[in-house]
Amino acid sequence: MNFASSVAEALDAVCRNILEAQKKSGRKQGVQVVAVTKNVGMEKMREAIEAGLSSFGENRVQEALPKIEAIGKKVSWRMVGHLQSNKVKKAVEYFDAIDSVDSFGLAAEISKAAKAKNRIMPVLLEVNTSGEPSKYGLSPEKTLEEAEKIAGLENLSVDGLMTVGPLANEEKKLRAAFARLRQLFEEIEQKKIFGLLFRHLSMGMSADYPMAVEEGATMVRLGTAIFGPRTQNIENPSASSGFIPRQASG
Ligand SMILES: *Cc1c(COP(=O)(O)O)cnc(C)c1O
């Protein structure tokens, strides 16, 4: 990857790549860019807002809270990393959406916390489309069944599905994972398990988002493609996990 010198330039390239992927596939879905800002400092975050980004993804509650407090609600905040039970209340209080609902138990806890706060929490269900044991997510075989159970919970708005593609840089494997998520999405849609807000397919990260858009992504989660390699953004190296593991807990 080549890295642009500014967030605005990088975003420009991202938009061009998204348009090109849509042209290639003939799809015309709207694609929302979620800027993943883990390890990204305040200065770059402000630059991102200036460049027009309005949706930020964080994968750790602890790292996100001070940023949300400093920047506020002029942008929306999405929790994209695995959410631990003891952080559910804070996540429901601070975030606008939780994209990483990977079990019925977690969905139930979010539902309970949302009810206590008298709000409806927008969420996405995370599916482990690659089957890699290091990844979180519902297994594709069980997703439909779990979705039906989750649909019975109060104070949740299930707006779509999310996946983290396989680590392998193999186009065939990546496409298969993205296509699997789209297929599950269509099945859930046809069965009318959730309401009309069920509309998002969050898939594709810096290394693979053009392919994800070709396969139908409506939301791409981009860190490196917008902010450059994470090691350059780290302000507090001891709090950082860098690139590995790809999906940290929070
Ligand atoms: C870090 C992260 C991203 C963005 O990763 P890049 O490869 O830097 O684009 C996307 N989704 C999740 C869940 C992440 O943790």
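Numbering starts at 1 and runs along the sequence shown. Counting convention: from 1, in listed order, for ligands and their atoms alike.
Inclusion of Gly223 in the set of residues having an N or O under 3.5 Å from an N or O of ligand 1 is warranted.
Shown in contact with Ser206 at under 4.0 Å from a heavy atom are these atoms of ligand 1, numbered in order with element: 6 (P), 7 (O), 8 (O), 9 (O). Every atom of ligand 1 is numbered from 1 in the order shown, and the set under 4.0 Å from a heavy atom of Leu222 is 9 (O). For ligand 1, the atoms sitting less than 4.0 Å from at least one non-hydrogen atom of Asn59 are 15 (O), numbered in the order shown with element in parentheses.
Residue Gln183 places its CD atom among more than 12 non-hydrogen atoms of other residues, nucleotides or ligands, all under 6.0 Å distant.
Residues Glu109 and Ser85 have side chains that bring a donor and an acceptor to within less than 3.5 angstrom of each other.
In this view, Phe104 satisfies the ring-ring contact (aromatic ring centres under 6.0 Å, His included) rule with no residue, not counting sequence neighbours. In this structure Phe185 satisfies the ring-ring contact (aromatic ring centres under 6.0 Å, His included) test together with Phe198, sequence neighbours excluded.
Contacts between Thr224 and ligand 1, counted as non-hydrogen atom pairs separated by less than 4.0 Å, involve both the backbone and the side chain.
Not a single donor-acceptor pair under 3.5 Å links the side chain of Thr37 to the backbone N or O of Glu58.
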